[in-house]
Amino acid sequence: MSSEAPRGGDRKREPEPPPPGGVLWSLAGDVRALLMLPAALTLQVAHPAVGAGVDDHSVFRTDPWGRGERSLRSLQLWVYGGEEAAEEGRRLRKLHRTIQGTDTRGRRYHALSPANYAWVHATGFPIYRHGTRYLVRPLTEAQERALYREWLQVGRILGINDRDMPQSIEEFWPYYRKVLADEIEATVVVEELVATDRPVPPPDLGPRPVRLLVKALWPVLFPPLARFRRFITIGLMPPDAREAIGLEWTAAQERKLRRFCGVVRAVVPVLPERLRYLPYARRARAAQRMRGTR
């Protein structure tokens, strides 16, 4: 479904966000989804065209925290934004119209080329599917199919045509494996995202006293954070994607990941809602409860 404005009297319906109470509704706003995002971003930029676009045009090096906050806000709008979801999709397409250049293989790229833009969207499904096995619980076959249908709705919100997205799980996996085999590589951006020795500025978020304290302690705080970022990024990436990129993962690391995720699975469900869910999800859930009581 196109995100272009309808012409004349031929009005098109706005693409609808995923349904309240659906699989994605439950997953995307849970704080555990934050642990899956680094793997999703890394798999996206492992595509040479996407990696080149981020390398050439993104502020992820100079403003990583601000970029992350904006990306998270955008993702939450796709799922919980209601009428704002389609508007956010149009904003993103407008933002990407000028992003173009040459990738590491000498090919011209444009951010909105269907193959590139659709890959950025496509990575969400295998990451959610794999991450929930560790952090929540394995999805049933019915839940997996529902998740894919709902993720297609997100693709339409982003302005991706149905013809550019596999329309079923059966169509998705051959497409996904072909991209892994033909395109995916350890791009410069991938290497930076899993590095533990690349400088990252301290977060400039929160009250001023907190920012000053974090800045002062950053030389001590950053090394373990960088190691954890690498660990969770590689660990929550599907093994076939991890192998395609060339990221090493040992049996000892797998055991450590399973222990960590076991603790997360036990702790998060007993947290109060204000700690368990991200802000957009909390507001959407509260609004849904209000509608249910009327």
Side-chain angles (χ1 to χ4, degrees), residues 1-4 36-64 67-68 70-72 74-75 78 88-128 130 148 151-152 154-167 171-195 198 233-234 236-247:
M1 185 177 294
S2 171
S3 62
E4 298 297 326
M36 304 181 206
L37 291 180
L41 175 59
T42 303
L43 184 53
Q44 290 169 10
V45 299
H47 189 290
V50 180
V54 171
D55 191 18
D56 295 340
H57 299 277
S58 175
V59 297
F60 83 98
R61 293 186 181 95
T62 56
D63 184 24
R67 184 186 186 278
R70 292 188 293 274
S71 296
L72 180 60
S74 185
L75 189 156
W78 307 342
E88 176 63 8
R90 286 190 289 270
R91 185 191 72 83
L92 288 174
R93 290 187 70 85
K94 183 178 180 180
L95 182 68
H96 287 83
R97 282 176 185 166
T98 59
I99 297 179
Q100 56 188 309
T102 304
D103 70 16
T104 54
R105 300 183 185 182
R107 303 172 300 189
R108 295 291 300 171
Y109 73 83
H110 191 288
L112 293 180
S113 296
N116 302 334
Y117 209 54
W119 173 251
V120 172
H121 162 260
T123 57
F125 173 68
I127 294 294
Y128 273 128
H130 185 68
Y148 191 76
W151 199 242
L152 286 177
V154 170
R156 295 175 189 123
I157 286 169
L158 295 174
I160 303 172
N161 290 306
D162 276 357
R163 65 175 177 269
D164 297 318
M165 298 184 290
Q167 291 299 292
E171 293 178 11
F172 175 81
W173 291 118
Y175 153 79
Y176 169 76
R177 295 185 186 106
K178 181 172 175 55
V179 177
L180 291 187
D182 296 347
E183 295 287 347
I184 298 308
E185 61 184 33
T187 64
V188 170
V189 182
V190 166
E191 293 176 353
E192 291 193 36
L193 291 178
V194 297
R198 306 289 177 89
T233 298
I234 301 176
L236 290 182
M237 187 172 292
D240 51 1
R242 187 192 301 152
E243 182 179 353
I245 299 173
L247 298 172

Please report the C-alpha distance between Arg107 and Thr102 in whole Å, then the side-chain angles of each, then the deciding distance to 0.1 Å, and finally whether the side chain to side chain contact (heavy atoms under 4.5 Å, CB included) criterion is met. CA-CA 5 Å; Arg107 303 172 300 189; Thr102 304; 5.9 Å; no

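- One finds the CG atom of Leu180 at 10.5 Å from the CD atom of Glu183 (value rounded to the nearest 0.5 Å).
- The distance from the CZ atom of Arg198 to the CZ atom of Arg61 is 8.5 Å, given to the nearest 0.5 Å.
- Taking 4.5 Å as the limit, every side-chain heavy atom of Ile245 sits out of range of all side-chain heavy atoms of Glu185.
- Arg90 CZ to Ile157 CD1: the interatomic distance, rounded to the nearest 0.5 Å, is 10.5 Å.
- Environment of CZ in Arg108: crowded, with over 12 heavy atoms of neighbouring residues, nucleotides or ligands closer than 6.0 Å.
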One pair to check against side chain to side chain contact (heavy atoms under 4.5 Å, CB included): Arg70 and Val59. What are the steps and the verdict? CA-CA 12 Å; Arg70 292 188 293 274; Val59 297; 3.6 Å; yes

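- With rounding to the nearest 0.5 Å, the separation of CE in Met237 from CZ in Arg242 is 8.0 Å.
- Contact record, His130 with Pro238: CD2-N, 3.7 Å, taken as the closest heavy-atom pair.
- Not a single donor-acceptor pair under 3.5 Å links the side chain of Arg105 to the backbone N or O of Pro48.
- In this structure, Gln167 contributes its side chain and Asp162 its backbone to a donor-acceptor pair below 3.5 Å.
- Of the candidates Val54, Val50, Val194, Val54 is the only one forming a side chain to side chain contact (heavy atoms under 4.5 Å, CB included) with Val189.
- Residues meeting the side chain to side chain donor-acceptor pair (under 3.5 Å) test with Tyr176, sequence neighbours left out: Asp240.
- Other residues, nucleotides and ligands place no more than 12 heavy atoms under 6.0 Å from the CD atom of Glu243.
- The side-chain heavy atoms of Leu112 and Arg93, taken from C-beta on, include a pair separated by under 4.5 Å.
- One finds the CG atom of Leu75 at 6.5 Å from the CG atom of Leu37 (value rounded to the nearest 0.5 Å).
- With rounding to the nearest 0.5 angstrom, the NE2 atom of His96 is 14.0 Å from the NZ atom of Lys94.
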Ignoring hydrogens and angles, write down the donor-acceptor pairs under 3.5 Å from the side chains of residues 115-127, residues two or more places apart or on other chains.
unit_1 : atom_1 : unit_2 : atom_2 : d
Asn116 : ND2    : His110 : O      : 3.0
Trp119 : NE1    : Leu43  : O      : 3.3
His121 : NE2    : Trp151 : O      : 2.7
His121 : NE2    : Trp151 : NE1    : 3.3
His121 : NE2    : Gly155 : N      : 3.3
Thr123 : OG1    : Gln44  : NE2    : 3.4
Thr123 : OG1    : Val120 : O      : 2.9

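- At least one side-chain heavy atom of Leu92 sits under 4.5 Å from a side-chain heavy atom of Trp78.
- Ion pair Arg67/Asp63 not flagged as a salt bridge, since none of the NZ, NE, NH1 or NH2 atoms sits closer than 4.0 Å to an Asp/Glu carboxylate oxygen.
- Contact annotation: the side chain of Thr233 never approaches that of Leu193 to less than 4.5 Å [non-hydrogen atoms, C-beta and beyond].
- Between the His57 side chain and the Gly53 main chain, no donor and acceptor come within less than 3.5 Å of each other.
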